[in-house]
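Taking it in order: structure first as structure tokens, then the write-up.
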Amino acid sequence: MIGKPRGTRDFLPDEMAKRRQIEYEIKKIFEGYGYEEIATPTIEYLDLFTLKSGEQIIEEIYAFEDKSGRKIALRPELTAPVIRMYVEKLQMEAKPLKFYYFGNCFRYDRPQKARYREFWQFGCELIGSNRVEAIAELIAMAHDILKSIGLKNIVLRIGNLDILRRFLDGIGANDKEMMRLIDKKDFEGIEKKLKKEDMDEFKKFIEIRDINEINFKEAEKMKEILSLLDEYSIPYNLDLSIARGLDYYIGTVFEIDAPKLGAEKQIAGGGEYNLVTLLGGKHISTAGFAIGFDRIMIALEMENYKFFEEDKPIYIAYINGMLKEAIKISRLLRKNGIKVEMDLMSRNISKSLDYANKKGMKKAIIIAPDEWKNGKVLIKDMEKGEQKEAEIKKIADGL
RNA sequence: GCCCGAGUGGUGUAGCGGUAACAUAAGGGACUGUGGAUCCCUUGUCCCGAGUUCAAAUCUCGGCUCGGGCCCCA
């Protein structure tokens, strides 16, 4: 027997129906904010990702050479491909551009709870504006999506890298290593790098919960964004310790957690970034976020979310020798937009209804010679156990 | 890459040195025109490899996969 590669999953019908339901809900909300769906290839040139994140991430990427020796990667995330697409052919379009997407991504990580080697991400990019109304709407939309699909326990934290870097400048500690330690919340590591009084300052700084306590000029924009979020009635926590590991992030950043998920609790994250020039485009403001689709599915399950149940098909059982009549009825119903499943195993009526019952079908149509002669079939209600005759011509009305 | 735990029919479990069992599901039949019950039949299992032993599902080691945690998380 051949299994599936490590960290990948099969989705059975029940789970797939749930995923499609949530997928549909999320798409509706993106579109409600004027975002349009796009898709990019599953494979890209490896350089697209190393340019942005450095050579060391090759370790965590599924990368290979194609038959002509080109270095190809399975996409580990979707922001870089979207910006690549923008630089390639959309630079002269009217701004802002608002794109959303849903796709599978691949990372060569150690699988664990809520972390897989193939996983699905929703995301969006807003290209062309970094004004306060743009960033506020982006954050409000992220929160709106998660609340609208029915998640109850989520926490939105908003930070600002300009403010954080300005503070670190003040204590002479604005470097990559420091940002990495802050991102990891490695307070022991941070303590080793700072003088005692600076460490005290730092602790005080990241405890700040009211933006008005900050007097840097970098905080002015942040104040406006937060006041707009109040207008959207979005609850948030100021968290100036959000660092985001990579240095192309700038300005406003945010993360949304589902605390119940434990170690892998972050379900969405994003902010402002500079990637366009890195990929050869003319400078323009960009911001976006990604939502971990698998994680929100797990979070919904943990909250005992009630998923909508799809209608089962109408089942068609028929007496031996009535196969062609069964096909006629199937075609008639399907033409009327009704889901139909007919017996495909030459079962007798008894076994046929047994099957329909096990599959949870609500209604069965029984086709038999005596009724057929009179232009009729039997419609059976599987739950009540009652059945009645129905004229073939009016059959669609009776269901 | 590291640490802990676990892998027995499709699914859920028992057996824990003496050659695999139970339940359930699936397919067929009893029932040639009516489901959920009952009975019968059929199919199918020790994650992989090496070692110890007269004998390994059982003990040992390695690998793989899964679950949990660390690292990482664009």
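Just so we're on the same page: letters track the sequence lines, and every chain starts at 1. What you see is a predicted model; the values in this text were computed from it and never measured. Below, each value reflects all heavy atoms present in this structure, side chains not excepted, and no hydrogens, waters or symmetry copies.
Judged as a side-chain hydrogen bond (donor to acceptor under 3.5 Å, both in side chains), and not counting sequence neighbours, the contacts of A:Asp210 are A:Asn212. Taking the side-chain hydrogen bond (donor to acceptor under 3.5 Å, both in side chains) definition, one finds that A:Asn348 meets it with nothing, sequence neighbours left out.
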- request: Please step through ring pair (Phe, Tyr, Trp, His ring centres under 6.0 Å) for the pair A:Phe293 and A:Phe102, ending with a clear verdict.
  value: CA-CA 9 Å; A:Phe293 187 70; A:Phe102 178 58; 4.8 Å; yes

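No side-chain donor from either of A:Tyr86 and A:Glu93 sits under 3.5 Å from a side-chain acceptor of the other. Under 3.5 Å, the side chains of A:Asn104 and A:Glu118 contain a donor-acceptor pair of N or O atoms.
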Please report, to 0.1 Å, the donor-acceptor pairs under 3.5 Å made by any side chain of residues 371-386 of chain A, with sequence neighbours excluded.
from: A:Asn374; atom 1: ND2; to: A:Asp370; atom 2: O; distance (Å): 3.4
from: A:Asp381; atom 1: OD1; to: A:Glu383; atom 2: N; distance (Å): 2.9
from: A:Asp381; atom 1: OD1; to: A:Lys384; atom 2: N; distance (Å): 2.9

Throw together a table of side-chain donor-acceptor distances under 3.5 angstrom for residues 273-282 of chain A, partners on residues two or more places apart or in other chains.
from: A:Tyr273; atom 1: OH; to: A:Glu125; atom 2: OE1; distance (Å): 2.5

Please tabulate, one pair per line, all N/O donor-acceptor pairs under 3.5 Å involving side-chain atoms of residues 225-232 of chain A, not counting sequence neighbours.
from: A:Ser227; atom 1: OG; to: A:Glu224; atom 2: O; distance (Å): 3.0
from: A:Asp230; atom 1: OD1; to: A:Tyr236; atom 2: OH; distance (Å): 3.4

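Checked against the 6.0 Å centroid criterion, the rings of A:Tyr35 and A:Phe99 do not qualify as a close aromatic pair.
As rounded to whole Å, 14 Å separates atom C1' of B:A74 from atom CD of A:Glu44. One interatomic measurement links the two molecules: CZ of A:Arg117 to P of B:C72, which rounds to 18 Å at whole-angstrom precision. Counting to the nearest Å, the C1' atom of B:C72 and the CD1 atom of A:Ile58 are 16 Å from each other. Between the CZ atom of A:Arg9 and the P atom of B:U65 there is a distance of 16 Å, rounded to whole Å. Summarising the geometry, the separation between CD on A:Glu77 and P on B:C73 is reported as 14 Å, rounded to the nearest angstrom. Between A:Asp186 atom CG and B:C72 atom C1' the separation is 13 Å, expressed in whole Å. In this structure, A:Arg180 places its CZ atom 11 Å from C1' of B:C71, rounding to the nearest Å. The distance from atom CD of A:Glu118 to atom C1' of B:U65 is 17 Å, rounded to the nearest whole Å.
A:Tyr355 belongs to a hydrophobic cluster whose remaining members, ordered by chain and number, are A:Tyr315, A:Met361; membership requires side-chain heavy atoms of ILVMFWY residues under 4.5 Å apart, directly or through intermediates. By the 4.5 Å side-chain criterion applied to Ile, Leu, Val, Met, Phe, Trp and Tyr, A:Tyr45 is assigned to a cluster that also includes A:Ile43, A:Tyr62, A:Phe64, A:Ile72, A:Leu74, A:Phe106, A:Tyr108. Its side chain outside the 4.5 Å cluster rule for every partner, A:Val155 clusters with none of the Ile, Leu, Val, Met, Phe, Trp and Tyr residues.
Under the Watson-Crick and G-U wobble criteria, each requiring two contacts below 3.5 Å, nucleotide B:C70 is paired to B:G1.
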Review item, nucleotides 40-45 of chain B N/O atoms under 3.5 Å of protein N/O:
none

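Relative ring orientation between A:Phe254 and A:Phe289 is described as perpendicular, the plane-to-plane angle rising above 60° on a 0-90° scale split at 30° and 60°.
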- line: Under a 4.0 Å heavy-atom criterion, the protein footprint on nucleotides 1-7 of chain B, written with B, S and -, is BBB----

- request: Using a 4.0 Å cut-off on protein heavy atoms (strictly under), produce a 5'-to-3' string for nucleotides 27-35 of chain B with B for base contact, S for backbone-only sugar-phosphate contact, and - for none.
  value: SSB-BSBBB

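In summary, A:Arg9 and A:Asp294 engage in a salt bridge, as defined by a charged side-chain N under 4.0 Å from a carboxylate O.
Residues from residues 285-300 of chain A with heavy atoms under 4.0 angstrom of RNA chain B: there are none.
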